[in-house]
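Heads up, the thing below is written out as structure tokens.
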Amino acid sequence: AYPGHPQDEARRLVVGPGIHLQGNVSSCAHLVVEGRIDATLLTAQRMDVLLGGQFTGTAEVQEAVISGRVDGTLTVRGRLLLRPGARVTGELRYGTLQIEAGAQLHSTLTSITDLHQLNDAAPN
């Protein structure tokens with residue numbers, strides 16, 4: 001089960017095992033990836049990439065839990081949790097980051113707080 005608010009249940013997209021989806025995803029509150037998705041995710045509340053799932057592309061979300069593979073650019077404004085089995089390649093921007101033993105990172109890591117500080121310090 002994937003907990004959420006009742007109004008968000010209608011806006012949850014589950015890409016099941018054996019499914020390959022390509023394109024742009026918008027107006028999605030909760031994306032669950034058990035299969036494969038090659039996409040641009042234009043802002044979601046939450047993204048879960050489960051063990052065996054693969055997300056390739058660009059995504060901007062509030063919260064993410066990764067147990068599968070992510071390749072691309074992922075911006076998580078809130079909490080990013082990398083679970084055992086996670087394999088992340090590309091660019092990660094995060095608010096808070098938690099990495100559990102067994103997760104693999106081959107990424108550029110940037111704290112969103114650091115980005116804001118750099119932007120604030122840049123001359124106008």
Side-chain angles (χ1 to χ4, degrees):
Y2 305 101
H5 301 297
Q7 65 269 26
D8 290 341
E9 291 299 311
R11 295 182 42 223
R12 178 178 39 186
L13 174 62
V14 178
V15 179
I19 302 292
H20 182 188
L21 179 66
Q22 293 178 300
N24 293 330
V25 178
S26 61
S27 299
C28 177
H30 185 182
L31 175 65
V32 179
V33 181
E34 297 174 287
R36 180 175 168 197
I37 183 168
D38 301 325
T40 299
L41 177 61
L42 308 173
T43 311
Q45 190 63 27
R46 179 177 171 132
M47 179 170 79
D48 293 329
V49 180
L50 304 183
L51 197 59
Q54 181 176 346
F55 179 91
T56 302
T58 303
E60 184 174 324
V61 298
Q62 182 61 36
E63 179 180 351
V65 177
I66 310 297
S67 299
R69 294 178 59 115
V70 173
D71 186 8
T73 302
L74 176 60
T75 301
V76 182
R77 300 213 172 276
R79 180 173 169 252
L80 170 59
L81 172 58
L82 301 177
R83 294 193 174 260
R87 181 177 169 92
V88 181
T89 305
E91 185 175 347
L92 282 179
R93 298 181 193 117
Y94 60 90
T96 60
L97 176 63
Q98 181 179 349
I99 304 172
E100 295 181 355
Q104 296 180 30
L105 286 172
H106 306 278
S107 304
T108 302
L109 297 172
T110 307
S111 166
I112 290 176
T113 304
D114 292 344
L115 282 176
H116 290 303
Q117 290 171 352
L118 286 174
N119 290 338
D120 291 345
N124 290 330

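Along the sequence shown, residues carry numbers from 1. Quick note: numbers below take in every heavy atom, side chains included, and nothing from hydrogens, waters or symmetry partners.
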For this session: Would you mind telling me which of Leu80, Thr108, Thr73 makes a side-chain contact (heavy atoms from CB on, under 4.5 Å) with Arg93?
Result: Thr73
For this session: Hey, could you give me the CD1/CE distance between Ile66 and Met47, rounded to the nearest 0.5 Å?
Result: 4.5 Å
Exercise. Do Asp38 and His20 have side chains that get closer than 4.5 Å, going by heavy atoms?
Worked result: yes
Exercise. His106 versus Arg87: any side-chain heavy-atom pair under 4.5 Å?
Worked result: yes
Problem set entry | CG-CG distance between Leu41 and Leu13, expressed to the nearest 0.5 angstrom | 9.0 Å
Exercise. Do Val70 and Leu109 belong together in a cluster built from hydrophobic side chains that touch within less than 4.5 Å?
Worked result: yes
For this session: Provide the closest heavy-atom pair for Ala101 versus Pro84 in the form atom of the first, atom of the second, distance.
Result: O-CG, 3.3 Å
For this session: Give a yes or no on whether a salt bridge exists between Asp48 and Arg46, defined as a side-chain N under 4.0 angstrom from a carboxylate O.
Result: yes
Exercise. Do Phe55 and Leu74 come close enough that some side-chain heavy atom pair is under 4.5 Å?
Worked result: no
For this session: Please tell me if the side chains of Leu105 and Ile99 come closer than 4.5 Å, counting only heavy atoms from C-beta onward.
Result: yes
Exercise. Side-chain contact, heavy-atom cut-off 4.5 Å: Asp71 with Arg69?
Worked result: no
Exercise. What pair of heavy atoms forms the shortest contact from Arg79 to Val76, and how long is it?
Worked result: O-CG1, 3.3 Å
Exercise. Where is the tightest heavy-atom contact between Arg11 and Ser27, given as atom of each residue plus distance?
Worked result: NE-O, 3.3 Å
For this session: Decide side chain to side chain contact (heavy atoms under 4.5 Å, CB included) for Ile37 and Val25; before the verdict, give the C-alpha distance in whole Å, the side-chain angles of both, and the deciding distance to 0.1 Å.
Result: CA-CA 10 Å; Ile37 183 168; Val25 178; 4.0 Å; yes
Exercise. What are the two closest heavy atoms between Ala44 and Cys28, and how far apart are they?
Worked result: CB-O, 3.1 Å
Exercise. Do Leu31 and Val61 have side chains that get closer than 4.5 Å, going by heavy atoms?
Worked result: no
Seminar exercise, completed: Closest heavy-atom pair, Val65 versus Arg83, reported as atoms and distance to 0.1 Å, is CG1-NE, 3.5 Å
Exercise. Can you check whether Thr75 reaches Thr58 side chain to side chain, under 4.5 Å on heavy atoms?
Worked result: no
Exercise. What are the two closest non-hydrogen atoms of Ser67 and Leu51, and how far apart are they?
Worked result: O-CD1, 3.3 Å
